[in-house]
Amino acid sequence: MRVLVTGGAGFIGSHAADRCLSDGHQVAVLDNLRSGSRSQVDPRAEFLELDTRDSRLESAIAGFRPEAILHFAAQIDVRVSCKDPIFDAEENILATLRLVEAGLANGLKHFVFASSGGAIYGEAAGPQSEGHPEVPINPYGVAKLAVDKYLHAYAVQRGLASCSLRFSNVYGPRQGAKGEAGVIAVFCKRLRDGLAPMVNGDGLQTRDFVYAPDLAEAASLVLAQRATGVYNLSTGRETSILDVARALCLHAGVDPAGIQHAPAIAGEQRRSVLDASKAGRKLGWKPATPLSAGMGGTYRWFEQNREVQ
Ligand SMILES: NC(=O)c1ccc[n+]([C@@H]2O[C@H](COP(=O)([O-])OP(=O)(O)OC[C@H]3O[C@@H](n4cnc5c(N)ncnc54)[C@H](O)[C@@H]3O)[C@@H](O)[C@H]2O)c1
């Protein structure tokens, strides 16, 4: 199949693009390299250096004629979305619609979207399933939810098979440690640079950490089955930030007693955990990588890639 992976020079998208190549698909990666890196694009993939908002998008899509699009390219910073909701909507909503329209004009059959459970469901006592109330509290979450709904409308109005994958907190090799990055990447970088992890508040806030290569496996299943609808992708396990910091100290050979604490961030979500049992039942997907093994792999990657900031 011809598969276009937008954001395929970035963290999660590059794992998905690699997986598509090993599944035997013909792959093109479209990325503006804002946070992604050309070195993360396998030379077997065609590379299109382009912004999804660029007027040349349609001709790029017409040139490759993807049968499926995996859409990872996005403005990913919640704080940027709050400061500049118009920029966020242009990139995360309007550019996505242009991508779908260009795809449909050129034979697109299946559109798969990187959505976000954490940004769409609010705080809850237990794992949140796909039926949980959708209550985004920032423009980034509103945009993710809007695209999920647009894709449903495209399925009804234009017969496009589409799938929204709502990730929990993703971690793994190739994750950037700048800006509003994943906490595991931030801690790995600090430890690699000889600094102890800096935990916000008491560190007892919890997250559900899923390993990026396991998401690539989910994307592979979704493409093979031409799956449609909304799926949470997560482990269903809550882990506190303090436990993550302690485990990473051990991977780095550093005494966890040195962990530092910064003031708590006002309004930070206390608990976040998603129920991915639908993906297990319908796609046959299971997050295969235990957190400890994934954190070890991530820390080693940061050690081997000292240029990553
Ligand atoms: N990392 C997480 O925990 C997480 C959780 C839920 C959802 N997501 C979603 O997964 C997707 C991938 O996120 P990531 O963590 O891999 O981030 P990332 O920044 O590593 O990847 C995004 C990629 O898209 C590219 N890009 C950004 N804007 C673009 C544009 N306008 N045109 C072309 N390319 C553009 C960047 O250069 C980068 O390579 C995003 O849609 C994000 O919202 C991520």
Side-chain angles (χ1 to χ4, degrees), residues 4-18 28-41 45 47-57 60-61 69-78 80-81 87-99 102 111-121 136 138-148 164-186 207-216 218-219 230-235 272 274 276 294 298 308-309:
L4 178 75
V5 184
T6 74
F11 163 45
I12 309 171
S14 65
H15 287 286
D18 287 355
V29 164
L30 186 149
D31 200 298
N32 65 1
L33 299 183
R34 187 172 55 212
S35 58
S37 161
R38 185 70 213 262
S39 65
Q40 293 182 160
V41 180
F47 182 65
L48 307 165
E49 186 173 345
L50 197 64
D51 192 290
T52 51
R53 292 163 300 164
D54 195 298
S55 59
R56 290 168 297 173
L57 181 72
I61 302 290
I69 296 179
L70 299 182
H71 184 37
F72 292 96
Q75 187 302 106
I76 64 162
D77 194 323
V78 170
V80 169
S81 83
F87 166 64
D88 184 79
E90 276 170 356
E91 187 149 321
N92 288 356
I93 303 178
L94 290 178
T96 303
L97 300 187
R98 288 197 192 98
L99 187 64
F111 190 89
V112 182
F113 176 57
S115 187
S116 166
I120 286 177
Y121 313 121
N138 50 59
Y140 171 81
V142 171
K144 290 291 183 196
L145 182 59
V147 171
D148 289 356
S164 288
L165 304 178
R166 291 182 178 168
F167 307 149
S168 58
N169 286 71
V170 190
Y171 76 102
R174 304 181 187 165
Q175 186 164 30
K178 272 197 221 139
E180 202 186 59
V183 66
I184 290 181
V186 171
R207 296 293 179 266
D208 175 346
F209 293 99
V210 66
Y211 197 51
D214 289 344
L215 297 183
V230 175
Y231 292 91
N232 288 345
L233 295 178
S234 67
T235 66
S272 179
L274 305 185
T298 308
V308 174
Q309 290 305 311

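Both backbone and side-chain heavy atoms feed into the values below; hydrogens, waters and symmetry mates do not. Each ligand, and each atom within it, is numbered from 1 in the order the structure gives.
Contact of the F11 side chain with the S37 side chain is not registered, since no non-hydrogen atoms from C-beta on lie closer than 4.5 Å. Side-chain atoms of E49 and L33, non-hydrogen and from C-beta on, do get closer than 4.5 Å to each other.
Atoms CD1 and CD1, from I69 and I61 in turn, are 4.5 Å apart once rounded to the nearest 0.5 Å. Note that OG of S234 and CG of L165 are 12.0 Å apart. Values are rounded to the nearest 0.5 Å.
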Are any protein N/O atoms closer than 3.5 Å to the N/O atoms of ligand 1? If there are, list each pair with names and the distance to one decimal place.
{"unit_1": "ligand 1", "atom_1": "3 (O)", "unit_2": "V170", "atom_2": "N", "d": "3.0"}
{"unit_1": "ligand 1", "atom_1": "16 (O)", "unit_2": "I12", "atom_2": "N", "d": "2.9"}
{"unit_1": "ligand 1", "atom_1": "19 (O)", "unit_2": "S35", "atom_2": "OG", "d": "2.6"}
{"unit_1": "ligand 1", "atom_1": "20 (O)", "unit_2": "F11", "atom_2": "N", "d": "2.9"}
{"unit_1": "ligand 1", "atom_1": "26 (N)", "unit_2": "N32", "atom_2": "OD1", "d": "3.3"}
{"unit_1": "ligand 1", "atom_1": "28 (N)", "unit_2": "R34", "atom_2": "NH2", "d": "3.0"}
{"unit_1": "ligand 1", "atom_1": "28 (N)", "unit_2": "E91", "atom_2": "OE2", "d": "2.8"}
{"unit_1": "ligand 1", "atom_1": "31 (N)", "unit_2": "D51", "atom_2": "OD1", "d": "3.2"}
{"unit_1": "ligand 1", "atom_1": "31 (N)", "unit_2": "T52", "atom_2": "OG1", "d": "3.0"}
{"unit_1": "ligand 1", "atom_1": "31 (N)", "unit_2": "E91", "atom_2": "OE2", "d": "3.2"}
{"unit_1": "ligand 1", "atom_1": "32 (N)", "unit_2": "T52", "atom_2": "N", "d": "2.9"}
{"unit_1": "ligand 1", "atom_1": "34 (N)", "unit_2": "N32", "atom_2": "N", "d": "3.0"}
{"unit_1": "ligand 1", "atom_1": "34 (N)", "unit_2": "N32", "atom_2": "OD1", "d": "3.3"}
{"unit_1": "ligand 1", "atom_1": "37 (O)", "unit_2": "D31", "atom_2": "OD1", "d": "2.6"}
{"unit_1": "ligand 1", "atom_1": "37 (O)", "unit_2": "N32", "atom_2": "OD1", "d": "3.3"}
{"unit_1": "ligand 1", "atom_1": "37 (O)", "unit_2": "R34", "atom_2": "N", "d": "3.1"}
{"unit_1": "ligand 1", "atom_1": "37 (O)", "unit_2": "S35", "atom_2": "N", "d": "3.1"}
{"unit_1": "ligand 1", "atom_1": "37 (O)", "unit_2": "G36", "atom_2": "N", "d": "3.0"}
{"unit_1": "ligand 1", "atom_1": "39 (O)", "unit_2": "G10", "atom_2": "N", "d": "3.1"}
{"unit_1": "ligand 1", "atom_1": "39 (O)", "unit_2": "D31", "atom_2": "OD1", "d": "3.2"}
{"unit_1": "ligand 1", "atom_1": "39 (O)", "unit_2": "D31", "atom_2": "OD2", "d": "2.5"}
{"unit_1": "ligand 1", "atom_1": "39 (O)", "unit_2": "G36", "atom_2": "N", "d": "3.2"}
{"unit_1": "ligand 1", "atom_1": "41 (O)", "unit_2": "F72", "atom_2": "O", "d": "3.0"}
{"unit_1": "ligand 1", "atom_1": "41 (O)", "unit_2": "K144", "atom_2": "NZ", "d": "3.0"}
{"unit_1": "ligand 1", "atom_1": "43 (O)", "unit_2": "Y140", "atom_2": "OH", "d": "2.6"}
{"unit_1": "ligand 1", "atom_1": "43 (O)", "unit_2": "K144", "atom_2": "NZ", "d": "2.9"}

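Scanning both residues, S164 and D148, for their nearest heavy atoms gives OG-OD1, 2.8 Å.
Checked against side chain to side chain donor-acceptor pair (under 3.5 Å), S168 has no partners two or more places apart in sequence or in another chain.
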